[in-house]
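What follows is a set of notes on a single structure, which appears directly below.
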Amino acid sequence: MHFTPRDGRVGDLYGVLRIDGRYQLFYEHRSTGEPAARWGHAVSDDLVIWREGAAVAGPDQAGAPRCGSVVDGPDGPVLFHSRTGEGVWRATVAPGLDGWRAEPPHPVLGPLSHGFADLRDPFVWAAGDGWRMLVAASPDAGGSAVLQYRSTDLLAWECDGVLTTGEDAGWGLPRLFELDGEWVLLLAGGDAAYAIGSYDGLGFTARAWGVFGRGSLGPAAPFLDAAGRRCVLARVGGSSWAGTLSVPWILSVRGTSLLASPHPHLDRYLVNGVPGLTATDGEVRDHGDLILRMPAGGETTILADADIVEVTVEGVSGLGAARRAFPGDPGAHIARCA
């Protein structure tokens with residue numbers, strides 16, 4: 001149920017595109033013993049069963065690669081990423097997705113910008129007849145900030161100023177999208193955070209903050225499915241075990257909460273019942289061993305395979321993920337605990 005590369009693990013997610021009627025996943029492919037990560041690619045018809053493509057090297061540039069995002073540009077996928085100390089780079093894909101090249105052969109944004117350093121983790125999306133980009137940055141005065149840029153061609157970028165700041169935050173991986181008449185900002189750093197608020201094209205004003213990811217859930221990559229529903233996939237994994245891909249979830253806003261529910265494409269694969277797993281007052285246990293603690297709320301939904309558990313609680317924001325304490329039954333299973 002959880003996609004994992006045959007000879008490695010899932011690192012950071014660049015995103016999901018829908019091209020020619022199929023979902024295409026772009027991710028950082030990490031293998032034990034390799035000095036540098038490669039870029040992986042997988043294809044799916046339903047967001048559940050993924051067919052792995054070849055993992056290929058990213059552009060041969062200086063600086064350690066960091067996370068970013070991918071968009072479907074006028075001539076195919078364009079992947080934006082940051083490199084330590086080198087700012088934001090742009091890469092285009094070779095025919096057949098068998099390689100990437102830096103285009104242009106230099107950063108599109110430098111690492112410094114008017115009182116901010118370490119520009120990183122670009123998130124790009126289409127807006128009107130152009131494009132917007134968010135980057136995390138470190139203000140000279142301390143804390144964290146999210147800066148915003150605009151472009152008409154995905155090459156030249158003009159700064160639109162500061163989207164939002166956090167005095168004591170350590171933010172990364174900003175993701176901004178519209179959902180249920182609101183705007184949602186996802187941020188990594190410690191617990192994966194979210195904010196619900198308003199966005200006027202320049203600034204974001206939050207009316208509520210919360211925690212989205214708990215346990216071993218990594219940063220989430222938002223995208224739209226074929227029906228126009230706002231979905232997320234995330235990396236699942238801890239420091240001592242390999243990273244894998246989460247199952248797909250659909251997001252919704254209810255008041256100050258950012259809720260997740262299983263994607264309906266999972267229904268055909270799920271078997272009722274998860275032997276050995278229980279959930280009471282937010283505590284998820286595997287044969288009695290505590291593996292995940294969620295806030296208490298309403299009904300708890302557990303999705304599990306033989307190794308990994310993903311959890312939501314009714315009325316509680318976000319998702320939780322954990323590794324099972326004991327090997328479970330193979331296949332995809334679901335349980336709902338009152």
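Please read these numbers as outputs of a predicted model, since none were measured by experiment.
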Legend entry - Contact list for residues 131-143, test side-chain hydrogen bond (donor to acceptor under 3.5 Å, both in side chains), sequence neighbours left out: Arg120-Ser138, Arg132-Tyr199
Inset, instruction - Could you give me the CA-CA distance, side-chain angles and deciding distance for Leu186 and Leu173, then say whether side chain to side chain contact (heavy atoms under 4.5 Å, CB included) is met? - result: CA-CA 8 Å; Leu186 289 177; Leu173 300 170; over 6 Å; no
Inset, instruction - Applying side chain to side chain contact (heavy atoms under 4.5 Å, CB included), run through Asp305 and His2 and close with a yes or a no. - result: CA-CA 8 Å; Asp305 58 15; His2 292 88; 2.6 Å; yes
Legend entry - With sequence neighbours excluded, residues passing side-chain contact (heavy atoms from CB on, under 4.5 Å) with Ile19: Leu17, Gln24, Asp72, Pro77
Legend entry - Residue pairs involving residues 199-209 (criterion salt bridge (charged side-chain N to carboxylate O under 4.0 Å, His left out); sequence neighbours excluded): Glu182-Arg207
Inset, instruction - Could you check whether the rings of Trp50 and Phe3 sit parallel, tilted or perpendicular, using 30° and 60° as the cut-offs? - result: tilted
Inset, instruction - Find the distance between CG (Leu176) and CZ (Phe204) and round it off to the nearest 0.5 Å. - result: 6.5 Å
Inset, instruction - Kindly indicate whether the side chain of Ser317, heavy atoms from C-beta on, has any atom under 4.5 Å from the side chain of Val211. - result: no
Inset, instruction - Check His263 against Cys231 and note the closest heavy-atom contact, atom names and distance. - result: CD2-SG, 3.7 Å
Legend entry - Pairs meeting criterion salt bridge (charged side-chain N to carboxylate O under 4.0 Å, His left out) with involvement of residues 222-231, two or more places apart: Asp225-Arg229
Legend entry - Within-4.5 Å side-chain heavy-atom neighbours: Pro295 and Arg214: yes
Legend entry - Heavy-atom check, side chain of Tyr27 versus side chain of Val70, under 4.5 Å: no
Legend entry - salt bridge (charged side-chain N to carboxylate O under 4.0 Å, His left out) partners of Arg324, counting only residues at least two apart: Asp286
Legend entry - Linked hydrophobic residues, Leu292 as query - side chain contacts closer than 4.5 Å: Val274, Leu277, Val284, Ile291, Met294, Ile302, Val309, Val311, Val313, Val316
With a cut-off of 3.5 Å and sequence neighbours excluded, list every side-chain donor-acceptor pair involving residues 251-262.
none

Legend entry - Ser44 side-chain N/O to Ile49 backbone N/O, donor-acceptor pair under 3.5 Å: yes
Inset, instruction - Only counting residues at least two apart or in another chain, list the ones meeting side-chain contact (heavy atoms from CB on, under 4.5 Å) with Ala226. - result: Arg18, Tyr23
Inset, instruction - Taking Asp267 for its side chain and Leu270 for its backbone only, find out whether a donor-acceptor pair lies under 3.5 Å. - result: no
Inset, instruction - Kindly state whether the ring of His81 and the ring of Trp39 have centres lying under 6.0 angstrom apart. - result: yes
Inset, instruction - Could you tell me how the ring of Phe123 sits relative to the ring of Trp125: parallel (under 30°), tilted (30 to 60°) or perpendicular (over 60°)? - result: parallel
Legend entry - Nearest heavy atoms of Cys67 and Pro122, plus distance in Å: O-CD, 3.5 Å
Inset, instruction - Return yes if some donor-acceptor pair links the side-chain N/O of Ser69 with the main-chain N/O of Val124 below 3.5 Å, else return no. - result: yes
Inset, instruction - Could you name each residue pair satisfying side-chain hydrogen bond (donor to acceptor under 3.5 Å, both in side chains) that touches residues 156-173, not counting sequence neighbours? - result: Arg150-Asp160
Legend entry - Interatomic spacing from CH2 in Trp183 to CZ in Phe177 - rounded to 0.5 Å: 10.0 Å
Legend entry - Heavy-atom closest pair, residues Leu163 and Leu202: CD1-O, 3.6 Å
Inset, instruction - For Arg90, enumerate each residue passing the salt bridge (charged side-chain N to carboxylate O under 4.0 Å, His left out) test, keeping only those at least two apart in sequence or located in another chain. - result: none
Inset, instruction - Taking His333 for its side chain and Pro330 for its backbone only, find out whether a donor-acceptor pair lies under 3.5 Å. - result: yes
Inset, instruction - Would you please test Arg38 and Val56 for side chain to side chain contact (heavy atoms under 4.5 Å, CB included) and show each step? - result: CA-CA 5 Å; Arg38 294 176 291 167; Val56 298; 6.0 Å; no
Legend entry - Asp121: salt bridge (charged side-chain N to carboxylate O under 4.0 Å, His left out) partners, not counting sequence neighbours: none
Legend entry - salt bridge (charged side-chain N to carboxylate O under 4.0 Å, His left out) partners of residues 44-57, not counting sequence neighbours, each pair once: Arg6-Glu52, Arg22-Asp45
Inset, instruction - Return yes if some donor-acceptor pair links the side-chain N/O of Glu310 with the main-chain N/O of Val247 below 3.5 Å, else return no. - result: yes
Inset, instruction - For residues Leu134 and Pro174, report the shortest heavy-atom separation together with the two atoms involved. - result: CB-CG, 4.1 Å
Legend entry - Considering all heavy atoms, the nearest Glu28-Tyr14 contact: N-CE1, 3.8 Å
Legend entry - Distance-minimising heavy-atom pair for Leu154 and Val78: CD1-CG2, 4.3 Å
Legend entry - Ionic contact status for Arg30 with Asp12, cut-off 4.0 Å: no
